[in-house]
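Structure record follows, encoded as structure tokens.
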Amino acid sequence: MADQAEKLREMVKEKSKKKSRVIAFTSGKGGVGKTNIVANVAYLLSSIGKKVVVFDADLGLANIDILMGLKSKHSLIDVIKNGKKMKDIMIKVNDNFKVIPAGSGIEEIANITEPIFSKIKDELLDIAKETDVLLIDTGAGISKKVTFFLKNAEEIVVITTPEPTAIADGYAILKILSKNYKKENLYIFVNMAKNPQEAENTITNINKISKKFIEKEFKPMGWALYDKNLLQAVKSQKLIAELYPNSNFTISMKKFINAMFKENLKVRENPIARFFASLFGGG
Ligand SMILES: Nc1ncnc2c1ncn2[C@@H]1O[C@H](COP(=O)(O)OP(=O)(O)O)[C@@H](O)[C@H]1O
Ligand SMILES: [Mg+2]
């Protein structure tokens with residue numbers, strides 16, 4: 001009996017030691033789909049029992065609460081201006097899924113001071129300890145408001161579209177993260193591709209350039225095609241993963257989760273996607 005109790009205590013200890021993952025999603029260019037990807041990945045993770053917190057760290061264009069139709073009296077502004085705790089401003093989406101909203105008007109706070117940044121960081125790390133996954137939805141570009149969060153994330157997913165400008169800016173971010181910040185766990189995700197071939201080419205091209213100039217290649221974490229169902233979901237302030245569970249975009253989010261979290265979410269391809277996958281050997 002004593003043995004068993006000891007084992008149990010060990011198991012509990014192991015569990016509390018379990019490391020949570022802190023993953024930031026960023027991009028060089030804005031409007032590439034970061035917020036939609038983060039929100040849907042979080043929702044799908046929560047639906048398989050993972051405890052997830054999303055932190056809206058887009059201090060310029062905070063909008064995850066609007067995207068999801070969430071209402072809250074408080075936001076990060078209360079943390080910065082009124083000394084509230086990050087924990088107190090969390091919105092519960094479901095038992096496993098919470099959102100920390102940045103709120104509108106935050107861009108008016110021109111300079112977030114160093115002590116405020118470190119308060120946010122310390123409280124985020126405390127929150128991360130109690131969750132399986134902390135997803136950080138950052139703004140685009142390389143301002144201090146963005147790089148602060150990237151520096152503190154262990155894993156970073158850089159999202160780009162196949163547009164040349166987005167690719168160039170995406171590569172620039174990857175280069176800075178890799179060379180200047182010595183980040184190791186850098187991933188690429190391509191969004192809004194016309195077809196699988198275009199998505200695959202985008203990944204290949206980024207890695208070709210980075211291999212040549214910085215002798216690095218970044219791990220591809222998949223892609224999503226342009227999906228008009230997403231616009232419908234955004235308009236109704238519902239997540240596409242909830243509204244259209246079999247849409248191309250939702251399937252791509254599931255594949256991302258399977259790749260990133262070694263999960264085994266069932267993906268039922270629609271016939272058109274299957275046809276393309278067989279043509280290009282992608283998926
Ligand atoms: N795969 C997609 N197909 C169609 N529209 C998309 C796709 N991904 C994103 N969008 C649209 O692009 C716009 C920007 O998305 P958003 O998630 O807000 O980007 P970001 O957070 O990078 O600024 C939104 O209107 C969204 O609905
Ligand atoms: Mg966004």
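Residue numbers start at 1 and run along the sequence shown. Ligands are counted one by one from 1 in listed order, and the atoms in each one are counted from 1 as well. Note that the coordinates shown come from a computational prediction; the quantities given were computed from them, not determined experimentally.
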> Looking only at heavy atoms, which two atoms of N191 and G33 are closest? And how far apart?
Replying inline: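 The answer is ND2-CA, 3.6 Å.
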Heavy-atom count around [X] [atom1] within 6.0 Å, excluding the residue itself: above 12?
X    : atom1 : answer
K183 : NZ    : yes
I209 : CD1   : yes
K238 : NZ    : no

>> Check this for me, if you would: do E130 and K98 make a salt bridge, where the nitrogen-to-carboxylate-oxygen distance has to be below 4.0 angstrom?
In response: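 Looking at E130 and K98, the cut-off is not met.
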>> Any carboxylate oxygen within less than 4.0 angstrom of a Lys/Arg side-chain nitrogen, looking at E114 and K144?
In response: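 Yes, charged N to carboxylate O under 4.0 Å.
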> Within the side chain of T138, is there an N or O that forms a donor-acceptor pair under 3.5 Å with the backbone of V146?
Replying inline: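 Side chain of T138 to backbone of V146: no pair is present.
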>> E155 vs R21, test: salt bridge (charged side-chain N to carboxylate O under 4.0 Å, His left out). Steps then yes/no.
In response: CA-CA 8 Å; E155 299 174 87; R21 290 178 66 176; 2.9 Å; yes
>> Within the 4.5 Å heavy-atom criterion, are K50 and F261 side-chain neighbours or not?
In response: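 SC-SC contact between K50 and F261 ruled out.
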> Under a 4.0 Å heavy-atom cut-off, what residues line ligand 1?
Replying inline: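 Within the 4.0 Å shell of ligand 1, which is judged on heavy atoms, sit G31, V32, G33, K34, T35, N36, N191, M192, L225, Y226, D227, L230, L231, V234, F249.
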>> Suppose the cut-off is 2.8 Å; how many protein N/O/S atoms fall inside it around the Mg ion (ligand 2)?
In response: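 There are 1 of them.
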